[in-house]
Amino acid sequence: MNTQHMGACGSVAFNRHEGQKMSHRLHSRRPRLSILVDPRFSGGTSAAVARELYALANHVDLRVFALETRMFKGRFVNPRLQTAMDDLGLELVWNPKTVRDEFVVIHNPSCLKFNHELDLKIICDTAYVVTHENFTRPLGGEGFDVQLCLGLLERSLLCRRRFLAPVSGYNCRNVLNWVRDNMDLRTRWHLTEFFWFNICDFPMLAPTANPRDRRGRLSRAGFEKFPDLETMQRHFPKHAEKCSILGGDSFLLDPSQIPDHWEVLPFGATSVEEFFEGFDFFVYYTHPLLQESFGRVIAEAISAGKVVITDNKTAETFGDAVIASHGHDLDEIIAGFVADPERYQRFVSAAQLTIARFAAEPFVEQALTEFRAAQERAHDLF
C-alpha cells in the first residue's frame with residue numbers, strides 16, 4: 001500500500017550507538033496494547049476482533065475494554081468475542097474511565113454515532129482507529145456521523161500520534177476522500193501504511209467434484225445487506241436447483257413475498273459450516289446504499305470451497321479469488337462452471353491460495369512491525 005499521510009511528525013537526531021542499543025531493547029520488549037470495542041456488534045466487527053485477540057495474545061501484553069455505546073442495548077457480548085476472551089483468559093473491562101497504555105486500538109468508531117459524549121480518557125503513545133465501516137455511501141452522503149464519532153475520540157485522546165486504519169483498498173480510498181473533504185482533520189489524523197485487514201484463517205475445505213446450480217447467500221440480518229426483491233429474484237431464480245439464504249430476517253417480516261423456491265432462514269438459525277454444505281455458488285450483492293468495506297463472509301465462503309460471485313467493488317479486495325459481475329450474467333457464469341467441474345475445482349483451489357494473505361501470520365507480522373517502528377519513533381523524540 002502506498003504511504004498516504006495526512007500531517008507530519010518531526011524527529012530529533014540521536015547518537016547512533018545509543019540508538020542501536022535502544023532499538024535492541026525495544027525489539028526484546030513486548031508491546032503493550034489495549035483494544036477498545038463495543039463487543040455487541042453482531043457481525044464482522046466482533047468476529048474480526050475475536051480473531052485479532054487470538055493472533056496477538058502471544059505477542060503483546062494485551063488488555064480489552066468494552067465501550068457500552070448507545071448503539072446497542074443490554075450487555076450481550078457477541079458469542080465469538082466472548083469465546084475468544086474465555087479461551088485466552090482475558091477480562092473484559094466495561095466502561096473504563098481511563099485507558100492508559102503504549103498502544104490503543106479502537107475498533108469501528110461508528111458505534112459512537114448515537115453518543116453525545118464519551119466519558120473516557122485514553123492516554124497512549126499511538127492510537128489506531130480501525131475503520132470497519134465506510135465513511136461515505138456509494139450514492140453519496142455519510143454512512144454515519146463521522147465528524148461526531150471522530151470528534152468524541154479526539155477529545156478523549158491524549159497521544160503522540162493518531163491513525164485511521166482502513167481495512168481494505170476501497171475502504172482506504174473512501175476514508176481518505178472523506179478526510180480530504182474535511183480539511184481541519186488532515187493535520188490531526190494520519191492514515192496507516194498498511195490495511196488493518198480482517199484475519200480470515202478459516203479451515204480450507206476441498207471444492208466439490210460435481211458442482212450444480214445450487215446458490216447460497218449469508219449475511220447478518222439487515223435491510224442494507226440485501227438488494228431489492230426484484231434483484232434477489234434474478235440472482236436466485238426458480239430454475240436454479242437450490243436457493244438458500246441465511247440471515248434473511250428482513251424477508252421473513254413478510255413471508256408472503258418470499259418465492260416458493262427459496263429457503264430463507266433467520267440469522268443464527270443454523271451453523272455457518274452446516275449452511276455452506278448445501279450449495280456450490282455463493283452469490284453476494286448488497287443494497288445500493290451499502291458498500292462492504294471488507295467482506296469477511298466472502299473469505300469464509302471461499303474457504304468453504306465455494307465459487308463466489310459478487311459486485312466489482314466488493315471483488316476488489318479479493319482479486320482473482322472471486323468472480324466480479326454486474327449481476328446480470330449469473331446464469332451464464334454458473335452454467336460455465338457446472339459444465340466444467342475441473343475448472344470449478346481449479347478456481348476454488350487457486351482462490352484459497354489467494355486469500356491466504358489474510359491469515360493471522362501476516363497480520364501479526366505487520367502489526368508488530370508497526371508497533372516496533374512506533375517504539376523507535378518515540379525514542380527518537382526523547
Side-chain angles (χ1 to χ4, degrees), residues 37 39-55 72 74 76-88 132 198-226 232 235-236 240-253 255 258 261-286 292 294-310 314 318 321-322 344 348-349 351-352 355-356 358-360:
V37 63
R40 299 168 295 176
F41 277 102
S42 61
T45 294
S46 290
V49 174
R51 298 312 305 168
E52 191 174 307
L53 296 181
Y54 283 118
F72 303 101
F76 297 98
V77 179
N78 181 283
R80 292 188 185 184
L81 191 50
Q82 185 64 65
T83 298
M85 299 287 296
D86 293 342
D87 288 347
L88 297 169
H132 291 267
N198 285 201
I199 298 174
C200 301
D201 52 355
F202 309 108
M204 296 293 179
L205 304 180
T208 180
N210 299 293
R212 291 140 52 193
D213 188 353
R214 303 188 302 167
R215 311 182 189 191
R217 171 67 156 76
L218 160 67
S219 70
R220 64 171 172 79
F223 290 98
E224 74 282 0
K225 285 290 187 177
F226 293 89
M232 284 291 292
H235 292 174
F236 295 91
E241 183 177 335
K242 186 174 183 180
C243 296
S244 302
I245 300 169
L246 178 60
D249 302 54
S250 56
F251 297 111
L252 292 170
L253 293 175
I258 300 176
H261 64 281
W262 284 11
E263 177 188 28
V264 182
L265 298 172
F267 186 68
T270 185
S271 70
V272 172
E273 295 78 12
E274 183 177 350
F275 179 70
F276 277 134
E277 292 175 359
F279 59 87
D280 303 317
F281 295 90
F282 188 74
V283 179
Y284 191 83
Y285 292 80
T286 58
E292 292 286 4
F294 185 81
R296 179 183 180 83
V297 70
I298 290 175
E300 202 165 3
I302 294 169
S303 301
K306 313 304 172 185
V307 165
V308 174
I309 309 170
T310 189
T314 302
F318 301 95
V322 301
Y344 180 97
V348 173
S349 298
Q352 291 178 339
I355 65 167
F358 300 125

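For clarity, every value in this text was computed on a predicted model and none was experimentally measured.
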Identify, with sequence neighbours excluded, every residue that meets salt bridge (charged side-chain N to carboxylate O under 4.0 Å, His left out) alongside [X].
{"X": "Arg51", "result": "Asp201"}
{"X": "Glu263", "result": "none"}
{"X": "Glu292", "result": "Lys225"}

[X]: ring pair (Phe, Tyr, Trp, His ring centres under 6.0 Å) partners, not counting sequence neighbours:
{"X": "Tyr54", "answer": "none"}
{"X": "Phe226", "answer": "Phe251"}
{"X": "Phe236", "answer": "none"}
{"X": "Phe318", "answer": "Phe294, Phe358"}

Residues which pass side-chain contact (heavy atoms from CB on, under 4.5 Å) with [X], listed by chain and number, not counting sequence neighbours:
{"X": "Phe223", "value": "Ser250, Leu253"}
{"X": "Ala359", "value": "Glu361, Pro362"}
{"X": "Pro79", "value": "none"}
{"X": "Ala240", "value": "Asp213, Arg215, Pro237, Cys243"}

Quiz prompt | Distance in Å, His235 NE2 paired with Arg217 CZ, rounded so as to fall on 0.5 Å steps | solution =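 Rounded to the nearest 0.5 Å, the NE2-CZ separation comes to 10.0 Å.
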Self-check item: Carboxylate-amine/guanidinium contact Asp280 Arg214, below 4.0 Å
Solution: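 Result for this pair is yes, salt bridge flagged.
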Show every donor-acceptor pair shorter than 3.5 Å between a side-chain atom in residues 271-278 and any protein atom, with sequence neighbours excluded, or say none if there are none.
{"from": "Ser271", "atom 1": "OG", "to": "Glu274", "atom 2": "N", "distance (Å)": "3.1"}
{"from": "Glu274", "atom 1": "OE1", "to": "Thr270", "atom 2": "OG1", "distance (Å)": "3.2"}

Quiz prompt | Donor-acceptor pair, side chain of Ser303 and main chain of Ala299, under 3.5 angstrom | solution = yes
